[in-house]
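Every chain is numbered from 1 and lettered A, B, ... according to where its sequence line falls, protein lines coming before strand lines.
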Amino acid sequence: MAEYNPQAIEAKWQKRWEEARVFESEADPAKPKYYVLEMLPYPSGTLHMGHMRNYTIGDVVARVKRMRGFNVMHPMGWDAFGLPAENAAIKNNTHPRVWTNNNIVEFKRVLHLFGFSYDWRREISTCEPEYYRWNQWFFLRMLERGLAYRKKSRVNWCPKCATVLANEQVVNGGCWRHEDTPVEAKEIEQWFLKTTAYADQLLDDLQLLEGGWPERVITMQRNWIGKSHGAKVKFAVADVAGAEPIEVFTTRIDTVYGASALILAPNYPLVGKLLAGSPVEAEAQAKLAQIRQMSVKTADLAAAEKEGFFTGRYATNPFNGAQVPIWVGNFVLLEYGTGAIMAVPAHDQRDFEFASKYNLPKPIVVQPLAGEPLSAATQQEAYSEFGKSVNSGPYSGLETQAAIDKMAAEAEAKGFGRRETIFRLKDWGISRQRYWGTPIPVVYCAKDGLVPVPDAQLPVLLPANPKLTGMGESPLAATPEFVNTACPKCGGAARRETDTMDTFVDSSWYFYRYCDPQNDQAPYDSKKVGYWMPIDQYIGGITHAILHLLYSRFWCKVMRDLGLIQHSEPAARLFTQGMVLKGGTAMSKSKGNVVGAEEMARKFGCDTGRLYTLFAAPPEKDLEWSEQSIEGCARFLNRVFRLVDRHAGRLAGAPRAAADLATASEKERILLRKTHETLRRVTNDFETRWHFNSAIALIMELLNEIQAQEPLEEGVRPGVLQEALELVTLMLAPMVPHLAEELWEMLGHGNGLWTERWPDYNAELARAAEVEVAVQVNGRVRGRVRVAAGLGEEEVVARALEDAAIRGHVEGKRIVKRIVVPDKLVNLVVG
RNA sequence: GCCCGGGUGGCGGAAUGGCAGACGCUGAGGACUUAAAAUCCUCCGGGGAUUUUUCCUCAUGUGGGUUCGACUCCCACCCCGGGCACCA
């Protein structure tokens, strides 16, 4: 008797698959395609069970679709640029490339142990010039179209290291290397991509994703884009020479008669001019300095107390000519809207709090349509619902929507305002003052100014040997042979841009490159991409629900407008799988709770690991790692192996025979029925529900039933048993592919299971001859009767009434109503 | 504060308006064994009645509702997790 030896079996079949090039696929318009993709990993640390779960889900989908006859593309690659490589390099005095490549080799080795069905010929690594050159190419196209531009923007600056810090390098407001040094905000010129130019499309096209993407991801994106309809209104500044009018954005222009102040963001450009020569200049300057000192982190701002001060200046309300004081407030954001608001304390909670603290008036200009009217004397909180305008000059008496429309129209007609729709979404800042990323392909020439690097000179290569110290302006700026170049236009001395790109650029379009990874003439061939894209099923963590997916959607639309592709959305379906936890938290090196994938595979075999991650929880939920549960899975696979091993000799590859029921023995009928019923339900779990855990439970049940019929040598013909065992094997194949191949061979097949199609269940066999019908009286189960399947309503009720227990509940009462669910249940309602 | 998820035995979880707890884990008992491991068998939500066999009853976060029938649908509330958050 043979033993189940997972490691030997796994190595054997991985080799066969590779030799037969089973997972390689080419674009072929004659075949239906299926593109399944897992989010590409950042290669660092150990490959753990969290990764494995992600890839296992994708692999099951890929294998099911192959068995369904699709031309499946299932690629893998590396998100290889990024800060950790650079940090490691500084710390260990190695090169980021060496560190990264070592990690890739290691990751790849472990992935191979798992037999994932990747087409490795399509592998890409985003840190290779062959890849990042196309980041540069896209950047230049965006630059041509005005979608890439430079502006001053705030960064985290460590004065001690004299360097820019990434957000994750800011720890408790200090530098990660010495927390006692507070991080400063510094404005420097940075590159941006104009995601806002696509704000409306990014929002509207979400509807194309309804049904294919998780609802909550769509909601998160919608909130992130944050479209809001309103109006901008200009307030002229009184008594300050040369002061521009202050423009505010409001969604409630109908409350403008209730404005008791304008409030500017602390860094609003006009603030300096307003304060100069103001009657309260000295104290205002002091207060401003104090507010600017306050925490840099926006997260703290939300919790912080509202602070502000009066500038000593006034502006004129264009609707009624009223003079309203101009204040500065810490809760007003320069980045959103116009950086200035009109404060209407009676109808906005934030303004209400601010006005309460600083004793500003709170005039009521909207009254509820029903219920108790508001009164200034008793108002405890802002009333921000719609209602009816009051104390609003000619607009008094209008309901809110009408007032908004009319007042916006008036503002437009008189030229002091206009309707406007604004977005929370900001342009995408892609500049990083780092080495390990894609160089931004522009040069600065004293004569010609900013000059794009011509396509023919791409890629702009990273210098091979940078000085990485973590100090100073940026590693590229400190590398003269990189910085000093010739101007592409005039040939004179010029200076290269030394910023590199955010790594989200790399991951925004990598799945297009998979379609045509070797192309050295273009980022990809549009024909190939036209065949494979969009992604049919994208699988990854919820952590990327916003940024990665939003940037990918943006990139897609830009490429469409460049004429490279036809579609507008990169992924038709998205699945966000849960995390693998140990001790209640996600596995991470710092917590020391990592279960390494390799360690697991050596101990149990990768098929067992795959089965466990699929069985222990539904794929969208978090999964708590349990060594005991995985042993249960190992036990199950052992049982399957032994069952097939025990009978394979006798079956000797007997042709499958779904013997007709008329001549079948009792055992055979049970086997055939259970097998086909299981196949029916497993097919449904795979195709429409993604309930891998219950599919496995069903197969376990089937196995229990088969074993309950032992000895199978008696009363079961080889063909019938062959049928049952083959279907078990085929059902398991997408989940535990190595074991399934081995079983397939043991069952007498020389062809390799990978050539097999997913089997169809036989409805005739799946149907039971006899069924047990639950009998309820007034909705409570009081008995069960066995009847022939498909028995008519009258007969079933008659049979139910023959049951003594049922009669006991019904006797002496009148049956008012009866409900019959065929083959399942009878409910007798008695009065 | 707003927006999503979720709440079922000792545990992971199953049940697409129709027998709640499938399947697995843990635990208990038994078989095999000199013994152990492995394997196999039986039992395993609470309370009550019945010595048996079985029956009744409560139970899917809480309280209502719809329905012949609710873990499932509706309303209100509680708790847990996540996302966003002075967004004007």
Side-chain angles (χ1 to χ4, degrees), chain A residues 214-224 226-228 230 248-253 255 263 265 298-299 301-306 329-333 335-344 347-351 353-354 384 422-426 542-543 545-546 578 584 611-612 615-618 620-633 635-636 638-639 642 684 688-689 691 693-704 707 710 772-784 805 808 815-830:
Chain A
E215 196 53 48
R216 63 176 175 147
V217 174
I218 293 177
T219 307
M220 281 159 80
Q221 295 233 341
R222 187 171 289 129
N223 293 341
W224 189 262
K227 184 176 189 172
S228 71
V248 302
F249 176 79
T250 176
T251 54
R252 292 294 300 274
I253 194 173
T255 62
I263 308 178
T298 46
L301 280 176
E305 170 102 2
K306 290 181 177 44
N330 65 341
F331 66 101
V332 179
L333 307 175
E335 298 81 28
Y336 184 76
T338 59
I341 63 161
M342 62 179 199
V344 184
H347 305 292
D348 181 285
Q349 187 57 28
R350 292 154 303 179
D351 300 344
E353 287 164 22
F354 192 78
S384 51
I422 65 165
F423 293 88
R424 205 190 81 102
L425 181 72
K426 294 180 190 118
I542 186 74
T543 38
I546 299 177
L611 190 76
Y612 169 71
F615 180 60
E620 70 279 5
K621 281 184 67 175
D622 287 351
L623 181 161
E624 176 69 34
W625 182 259
S626 153
E627 192 90 345
Q628 283 166 342
S629 281
I630 196 170
E631 279 166 12
C633 291
R635 208 146 38 218
F636 169 69
N638 265 297
R639 281 176 59 206
R642 286 198 309 269
N684 185 41
T688 60
R689 308 200 315 167
H691 285 198
N693 55 334
S694 65
I696 294 166
L698 287 167
I699 299 170
M700 287 175 167
E701 244 183 279
L702 172 58
L703 200 80
N704 291 345
Q707 291 198 317
E710 291 273 17
E772 195 174 70
V773 172
V775 183
Q776 299 180 329
V777 178
N778 285 347
R780 309 188 67 108
V781 180
R782 300 298 184 181
R784 299 180 170 82
I815 296 177
V816 185
K817 192 173 179 181
R818 19 181 258 219
I819 288 95
V820 178
V821 182
D823 290 352
K824 275 197 168 164
L825 173 138
V826 171
N827 188 11
L828 303 171
V829 185
V830 299

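For the OP1/OP2 pair of rA15(B) and a distance below 4.0 Å, the side-chain nitrogens and oxygens of H691(A) include at least one atom meeting the criterion. For the OP1/OP2 pair of rC68(B) and a distance below 4.0 Å, the side-chain nitrogens and oxygens of K817(A) include at least one atom meeting the criterion. The phosphate of rG12(B) has neither OP1 nor OP2 within less than 4.0 Å of any side-chain N or O from N693(A). Contact check, S694(A) against rG13(B): no side-chain N or O comes under 4.0 Å of OP1 or OP2. When the side-chain nitrogen and oxygen atoms of R424(A) are compared with OP1 and OP2 of rA85(B), one or more of them lie within a distance under 4.0 Å.
Contact of the V821(A) side chain with the V773(A) side chain is not registered, since no non-hydrogen atoms from C-beta on lie closer than 4.5 Å. K306(A) has its side chain within reach of N330(A): a pair of non-hydrogen atoms, C-beta onward, lies under 4.5 Å apart. Side-chain contact between I341(A) and T250(A): absent, with no pair of heavy atoms (C-beta onward) separated by less than 4.5 Å.
Checking rG18(B), rG83(B), rA88(B) against the side-chain heavy atoms of Q776(A) singles out rG18(B) as nearest. The A697(A) side chain lies nearest to rC23(B) when the options are rC68(B), rC23(B), rC86(B). Each of rG83(B), rC58(B), rG13(B) was ranked by its minimum atom distance to the side chain of K621(A); first place goes to rG13(B). The side chain of P618(A) lies closest to rG13(B) when the candidates are rA85(B), rC23(B), rG13(B). Proximity note for N827(A) (side chain, C-beta onward) versus rC19(B), rG69(B), rC23(B): the nearest is rG69(B). Checking rU57(B), rA15(B), rG83(B) against every side-chain atom of R782(A), the shortest atom distance belongs to rU57(B). Closest approach to the N704(A) side chain among rC19(B), rC23(B), rG18(B) is made by rC23(B) (side chain taken as heavy atoms from C-beta onward). Of the candidates rA88(B), rG18(B), rA22(B), the closest approach to any side-chain atom of V332(A) belongs to rA88(B). For R689(A), whose side chain is taken as the heavy atoms from C-beta onward, the closest listed nucleotide among rC19(B), rU16(B), rG18(B) is rU16(B). Taking every side-chain heavy atom of R635(A) into account, rU26(B) is the closest of rA14(B), rU26(B), rA88(B).
For K306(A) against rC86(B), a side-chain-to-base donor-acceptor contact under 3.5 Å is present.
Of the inter-residue distances, the one linking I218(A) atom CD1 with N223(A) atom CG reads 12.0 Å to the nearest 0.5 angstrom. To the nearest 0.5 Å, atom CD of residue E631(A) and atom OG of residue S626(A) are 8.5 Å apart.
Annotation: cation-pi geometry not satisfied between K227(A) and F423(A) (NZ/CZ under 6.0 angstrom from ring centroid, within 45° of ring axis).
Residue T338(A) is classed as having no contact, given no heavy-atom separation below 4.0 Å to the nucleic acid. When heavy atoms are screened at a 4.0 angstrom cut-off, N684(A) is found touching base atoms of the nucleic acid. Heavy atoms of F615(A) sit under 4.0 angstrom from at least one base atom. Residue R784(A) is classed as a base contact, given a heavy-atom separation below 4.0 Å to a base.
Note: CZ (R818(A)) to P (rG69(B)) measures 18 Å, nearest angstrom. Counting to the nearest Å, the C1' atom of rA14(B) and the CE atom of M700(A) are 13 Å from each other. With rounding to whole Å, N778(A) atom CG is found 15 Å from rU67(B) atom P. One interatomic measurement links the two molecules: CD1 of I263(A) to P of rC86(B), which rounds to 16 Å at whole-angstrom precision. The distance between atom CZ of R252(A) and atom C1' of rA88(B), rounded to the nearest whole Å, is 11 Å. Nucleotide rC23(B) holds its P atom 15 Å from the CD1 atom of I699(A), rounded to whole Å. In this structure, Q349(A) atom CD and rG1(B) atom P are separated by 11 Å, rounded to whole Å. When rounded to the nearest whole Å, the span between CZ of R639(A) and C1' of rG24(B) equals 11 Å.
When the P atom is used for both rC74(B) and rU66(B), the distance is 15 Å, rounded to whole Å. Taking atom P on both nucleotides, rA28(B) is separated from rA76(B) by 48 Å, rounded to a whole Å. Going from the P atom of rA14(B) to that of rC23(B) covers 14 Å, rounded to whole Å.
Legend: residues meeting ring pair (Phe, Tyr, Trp, His ring centres under 6.0 Å) with F615(A), ordered by chain and number and at least two apart, are absent. Remark: F636(A) engages no residue in a ring pair (Phe, Tyr, Trp, His ring centres under 6.0 Å) (not counting sequence neighbours).
Checking A616(A) against F249(A), the closest nucleotide of RNA chain B that is more toward the 5' end is the one next to A616(A). Where W224(A) and A340(A) meet RNA chain B, the nucleotide closest to each residue was compared, and W224(A) sits on the side nearer the 5' end.
Every stem involving RNA chain B, taken as at least 3 paired positions in a row under the Watson-Crick or G-U wobble test at 3.5 Å, is listed here: B:1-7 with B:78-84, B:10-12 with B:23-25, B:27-31 with B:39-43, B:45-49 with B:54-58, B:61-65 with B:73-77.
With no hydrogens or angles considered, no side-chain donor-acceptor pair links N827(A) and R780(A) at under 3.5 Å.
In this pair, F249(A) and Y336(A) present their aromatic rings perpendicular. The plane angle is above 60°, beyond the 30 to 60° band.
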